[in-house]
Amino acid sequence: MLIHTIEELRELRKSWNNLSVGLVPTMGALHEGHLSLIKKAKETCDKVVVSVFVNPIQFGPSEDFDKYPRTLEADMELCKSAGVDAVFAPAPSEMYGSGNRLSNDTLTYVCPPFFYVNKLCGKSRVGHFDGVCTVVLKLFNIVQPDFAFFGQKDAQQAIIIKKMVKDLNVPVKVVQCPIVREESGLALSSRNKYLSEDGKKDALALSKILNNIKACFNRGITDIDALKETAYSYLTDKHDLEYLEILDKNTLEEQEKAGSDSIALIACRVENVRLIDNTYLGEA
């Protein structure tokens, strides 16, 4: 069932009284990574809603909002085959009102703590997580899910959303699901569609760097600078490294030494496409 309005979605939600509801928030261009979230939601909940909304307020002025892939018809087919009960695909005017200028001068925003934002993706994408938290809280209020499913690839986002849910007493259980990868090891992303075949090969440097860091950690290396230094043999002039960090996997705090509670995170541009990836160091 395709739903475009908040009113229609709320009416459907009322009819699911006493049933558990799972929400999978997406920006569309669905792939196997999204389907893994849907599968987990289906296993956990009686009813599953997938939102498909390219959220304008989480994109910066020079980012790819206008060209971000929009494939609603194909997304609907995937959702139907996966047994999704409703796809919520609102227009920006439905979510934010046609009169708003979509800025924090005129729109109420949710602003996550500076500590969680002023690092990793938040440093280069100023205001991004304000936009993410605002749209996610709106979706939680509209759908009123019992569970919400997010992928580990956006680890900073998942941590920030968990923090928002805890601090604002939102009655939603956030479930974080593992990264899904292509056979080559490349983390699945809607932005992979921007890459040429050569670009996809160059993008494998991200997963190779993370795998090597993890292998070095498993051999007993815990010095964070030493672990990060191993990355540079994989980087060429085709890679524009934005960050490589090893932090606490639950709080994003800096650590003196890498440990079983560490996560290695990387962001890098390949063919001017911004890609992110991460791995937990303490897991097999």
Side-chain angles (χ1 to χ4, degrees), residues 58 60 63 109-134 136-137 148 150-168 170 174-179 181 185-187 189 191 203-235 239-270 274-284:
Q58 71 185 65
E63 294 184 341
Y109 275 67
V110 178
C111 299
F114 186 72
F115 174 82
Y116 291 86
V117 170
N118 189 38
K119 60 187 66 175
L120 304 172
C121 294
K123 289 196 82 168
S124 64
R125 304 188 72 188
V126 177
H128 169 70
F129 287 113
D130 293 3
V132 168
C133 285
T134 300
V136 169
L137 186 60
F150 296 86
Q152 182 197 319
K153 185 171 75 70
D154 297 294
Q156 185 180 15
Q157 171 181 279
I159 289 168
I160 287 172
I161 288 169
K162 286 177 183 176
K163 176 69 172 167
M164 176 187 76
V165 163
K166 180 183 177 183
D167 288 354
L168 300 185
V170 183
V174 175
V175 180
Q176 189 170 317
C177 301
I179 296 172
R181 299 182 181 277
L186 181 65
S189 169
R191 288 187 169 96
L204 291 176
L206 279 77
S207 58
K208 288 177 179 177
I209 286 168
L210 295 174
N211 288 338
N212 190 46
I213 287 174
K214 189 167 186 172
C216 291
F217 173 77
N218 288 337
R219 290 199 299 268
I221 299 173
T222 60
D223 182 85
I224 288 175
D225 288 336
L227 289 170
K228 288 162 66 173
E229 282 291 327
T230 67
Y232 293 103
S233 62
Y234 294 93
L235 298 173
H239 303 100
D240 181 10
L241 182 66
E242 182 180 311
Y243 65 71
L244 175 61
E245 298 291 348
I246 298 172
L247 303 170
D248 184 286
K249 68 179 182 181
N250 298 307
T251 65
L252 298 180
E253 289 180 274
E254 292 185 358
Q255 299 176 305
E256 291 185 6
K257 298 285 184 182
S260 60
D261 57 350
S262 298
I263 182 173
L265 311 101
I266 189 170
C268 186
R269 287 186 180 273
V270 176
R274 188 177 185 276
L275 304 171
I276 61 173
D277 201 349
N278 63 77
T279 190
Y280 294 136
L281 298 190
E283 293 185 0

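As the structure is a prediction and not an experimental result, all values here were calculated from the model.
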Subject >> Distance, nearest 0.5 Å, that separates CD of E256 from OG1 of T222 >> reply: 11.0 Å

Original post:
In Å and rounded to the nearest 0.5 Å, what is the SG to OH distance from C268 to Y243?
Top reply: 11.0 Å

Subject >> K123 and E242 ion-paired at < 4.0 Å >> reply: no

Original post:
Does one side chain, of Q58 or D130, offer a donor that lies under 3.5 Å from an acceptor on the other?
Top reply: no

**OP:** Indicate the atoms forming the closest heavy-atom contact of L227 with T230, along with that distance.
**Re:** O-OG1, 2.6 Å

Original post:
If you draw a 6.0 Å radius around CD in E63, do more than 12 non-hydrogen atoms from other residues or ligands fall strictly inside?
Top reply: yes

**OP:** Kindly give the heavy-atom pair with the smallest separation between L252 and F115, and that separation in Å.
**Re:** O-CZ, 4.3 Å

Subject >> Note, Q176 side chain near F150 side chain (heavy atom, < 4.5 Å) >> reply: no

**OP:** Mind listing the closest non-hydrogen atom pair of I276 and A267 along with its distance?
**Re:** CG2-CB, 3.8 Å

Original post:
Can you find a pair of side-chain heavy atoms, one from V117 and one from I160, that are under 4.5 Å apart?
Top reply: yes

Residues 204-213, side-chain donor-acceptor partners within the protein, below 3.5 Å, at least two apart:
residue	atom	partner	partner atom	Å
S207	OG	L204	O	3.2
N211	ND2	S207	O	3.2

Subject >> Interatomic distance, E253 atom CD to D261 atom CG [nearest 0.5 angstrom] >> reply: 10.0 Å

Original post:
About how many Å separate NZ of K162 and CG of D167, when rounded to the nearest 0.5 Å?
Top reply: 14.0 Å

Original post:
Which heavy-atom pair separates M164 from V110 by the least distance, and what is that distance?
Top reply: SD-CG1, 3.9 Å

Subject >> Spatial distance of atom CZ (R181) from atom CG (L186) [nearest 0.5 Å] >> reply: 8.0 Å

**OP:** List the steps, then state whether side-chain contact (heavy atoms from CB on, under 4.5 Å) holds for L247 with L120.
**Re:** CA-CA 10 Å; L247 303 170; L120 304 172; 4.0 Å; yes

**OP:** Check step by step if side-chain contact (heavy atoms from CB on, under 4.5 Å) holds for E245 and K228.
**Re:** CA-CA 8 Å; E245 298 291 348; K228 288 162 66 173; 3.6 Å; yes

**OP:** State, with a plain yes or no, whether a side-chain heavy atom of Y234 is found less than 4.5 Å away from one of H239.
**Re:** no

Subject >> Close side-chain approach of S262 to Q255, heavy-atom, < 4.5 Å >> reply: yes

Subject >> Nearest atoms (heavy-atom pairs only) where G259 meets L281 >> reply: O-CB, 4.1 Å

Donor-acceptor pairs are to be reported for all side-chain atoms of residues 151-159 against protein atoms at under 3.5 Å, with residues two or more places apart or in another chain.
residue	atom	partner	partner atom	Å
Q152	NE2	N278	OD1	2.6
Q156	OE1	C121	N	3.0
Q156	NE2	Y116	O	2.9
Q156	NE2	K119	O	3.0

Subject >> Partner residues of R269 under the side chain to side chain contact (heavy atoms under 4.5 Å, CB included) criterion, sequence neighbours left out >> reply: D240, N272, R274

Subject >> CG on L241 to CD1 on I266, rounded to 0.5 Å >> reply: 5.5 Å

